[in-house]
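Data first, discussion second: the structure below is written as C-alpha cells.
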2 protein chains.
Amino acid sequence: MTRPKEILSPTTPHVEGDDDIGEIRDIVGFHIRLAYGAVYRHFTETFTHLDLTQKQVSVLWLVDLHPDIAQTGLAQLMRMDRATTMAIVNRLQARGYLVRGKSLDDGRKQTLNLTDAGRQMLATAKDAVVEHERWLKSRFTEKEVVSLIEMLTRIHD
Amino acid sequence: MTRPKEILSPTTPHVEGDDDIGEIRDIVGFHIRLAYGAVYRHFTETFTHLDLTQKQVSVLWLVDLHPDIAQTGLAQLMRMDRATTMAIVNRLQARGYLVRGKSLDDGRKQTLNLTDAGRQMLATAKDAVVEHERWLKSRFTEKEVVSLIEMLTRIHD
DNA sequence: GACGATTGTTAGTGCAACATACAAAAAGAG
DNA sequence: CTCTTTTTGTATGTTGCACTAACAATCGTC
C-alpha cells in the first residue's frame with residue numbers, strides 16, 4: 001500500500017490539500033453544497049437556544065413582511081411546494097408564533113399572520129441572524145459580499 | 001432587472017418588485033440557502049433516471065479517488081458525521097456500487113471501494129454532473145466561476 | 001350550472017443530520 | 001505488561017424537509 005492515510009488525527013492538516021478532492025474542486029455545485037452545509041451548521045448552532053430552523057425563521061420574517069399572505073404566496077417566495085409549506089406553518093402555529101385566518105376575498109385561501117409571541121420571537125431571531133451573518137460575512141469585504149449575493153441571486157432567480 | 005414577479009394575494013397590493021423579500025435580500029445566508037435549493041432541485045431532476053442524490057454521487061466520486069478509504073476519512077472529506085456516512089454507504093452498498101472490506105493495518109477500520117458496477121455508474125454520473133454544471137455555470141463567465149468557487153471555499157474551509 | 005384550475009389539507013415515502021449508546025480495536029499512561 | 005481513553009463502525013430513534021398523490025372546497029369562466 002503506497003498511501004499511509006490512516007493518520008487521520010484531528011490535528012492532521014492534510015498536506016495534500018487540494019488534491020484531496022481532485023477534479024471535484026472544479027465543480028461549482030459541490031462547493032455550494034459544502035458552503036451551504038457549513039452555513040447550515042453554524043445557523044443551527046446559533047439557533048439552538050431558540051429552537052428554530054432556517055426555514056422557520058425565514059417564514060416568520062416573510063409573514064411579518066407580508067401580513068395576510070396566503071400559504072401559496074409564501075411558498076412562492078421561499079421556492080417551496082405547498083406540502084412543505086404546510087408542515088412548516090403547522091409547526092410555527094403549534095408553537096403559537098403564527099395564526100391562520102379566513103381570507104375575505106377568496107374562500108380557498110387563508111391568511112397568515114404573526115402572533116405577538118411570533119413578533120417577539122422574530123425580533124430575537126433577527127438579532128441571532130445578525131450575529132450569524134457577522135460570522136459569515138467576516139471572511140469577505142463589503143464589495144465581495146455584494147458580488148457574492150449578486151452571483152447567488154443569478155442562481156436562484 | 002427583469003424580475004418575473006409572482007402574483008401575490010390581492011391583500012398585499014402595494015409591494016414593489018424588489019421589496020418582495022425586504023431586508024432579507026441583504027442576508028447572505030438566505031441567498032446561499034435559495035441558491036442551494038435551486039441547485040439541489042436541478043440536480044435531482046438531472047439524476048432522476050439514475051436515482052442518485054448529490055451525496056451519493058459525491059461519495060462514489062471520493063471513494064473512487066481514495067481507494068481503501070475508511071468511513072471516517074470519507075466523513076471528514078464530506079463534512080458529515082459517522083452516522084450520516086453510514087446511512088449513505090449502506091444505501092450504496094445495498095445497490096451494489098460499493099463494497100466494505102477489512103482494513104489490514106487497523107482492525108477497527110473498514111476499507112471502502114467501488115465495485116465494477118459502481119465504477120460504471122460513476123462514469124455515467126460524471127456525464128450528468130457535467131451537464132448539470134453546464135446549466136449552473138451558464139450564468140457566469142469563467143472568471144466569475146473562479147471567483148465564486150474561491151468565495152464559497154472561504155465559507156466551507 | 002358545469003368544468004377546469006387553484007388552495008389548503010392529509011398521508012406516505014425518502015433522504016439526511018443529529019444524538020445516543022454499544023462493542024471491538026487501537027493508542028496511550030502508569 | 002495492565003488499565004484507561006480514544007477511535008471506529010454500528011444500531012436506533014428523532015427531527016426536518018422535499019416530494020408525490022389524492023381529496024374537498026372554492027373560484028373563474030364558459
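Predicted, not measured: the structure shown is a model, and the values here were computed from it. Chain letters run A, B, ... following the sequence lines, proteins first, then strands; residues in each count from 1.
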Please give, in whole Å, the distance from [N] [atom2] to [X] [atom1]?
X	N	atom1	atom2	result
B:Arg33	D:dC17	CZ	C1'	11 Å
B:Asp81	D:dT8	CG	P	14 Å
B:Asp105	D:dT8	CG	P	12 Å
A:Met78	D:dC17	CE	C1'	11 Å
B:Arg41	D:dT20	CZ	P	11 Å
B:Asp106	D:dT7	CG	C1'	8 Å

Donor on one side chain, acceptor on other, A:Gln71 and A:Arg82, under 3.5 Å: no
Donor-acceptor pair between A:Thr84 and A:Asp81 side chains, under 3.5 angstrom: yes
Mind checking whether [X] and [Y] have side chains closer than 4.5 Å, heavy atoms only?
X	Y	answer
B:Leu112	B:Val89	yes
A:Met151	B:Arg139	no
B:Lys126	B:Val130	no
B:Arg41	A:Arg79	yes

If you compare all heavy atoms of [X] against all heavy atoms of [Y], which two are closest, and at what distance to 0.1 Å?
X	Y	answer
B:Leu60	B:Met121	CD1-CG, 4.3 Å
B:Gly29	A:Leu136	N-CD2, 3.6 Å
A:Gln93	A:Leu98	CG-O, 3.4 Å
A:Leu74	A:Val59	CD2-CG1, 3.8 Å

Residue met sooner reading DNA chain D from 5', once B:Thr44 and A:Arg108 are mapped to nucleotides: B:Thr44
First encountered from the 5' end of DNA chain C, between A:Arg82 and A:Tyr40: A:Arg82
Atom pair OH (B:Tyr40) and CD (B:Glu45), whose distance is rounded to the nearest 0.5 Å: 12.5 Å
Spacing of B:Glu133 atom CD and A:Ile27 atom CD1 [to the nearest 0.5 Å]: 4.5 Å
DNA chain C: 5'-most and 3'-most nucleotides touching chain B, 4.0 angstrom heavy-atom criterion: C:dC15 to C:dA26
Test ring pair (Phe, Tyr, Trp, His ring centres under 6.0 Å) applied to B:His156 - qualifying residues, sequence neighbours left out: A:His31
Ring pair (Phe, Tyr, Trp, His ring centres under 6.0 Å) involving B:Phe43 - partner list, sequence neighbours excluded: B:Phe47, B:His132
B:Thr72 vs D:dG9: side-chain N/O to OP1/OP2 distance below 4.0 Å: yes
Difference in axis direction between the ends of the helix from C:dG1-D:dC30 to C:dG30-D:dC1, five pairs, 10°: 30°
DNA chain D-proximal residues of residues 86-102 of chain B, any heavy atom under 4.0 Å: B:Met86, B:Arg100
Members of residues 48-55 of chain A that approach DNA chain D, where some heavy atom sits under 4.0 Å away: A:Thr53, A:Lys55
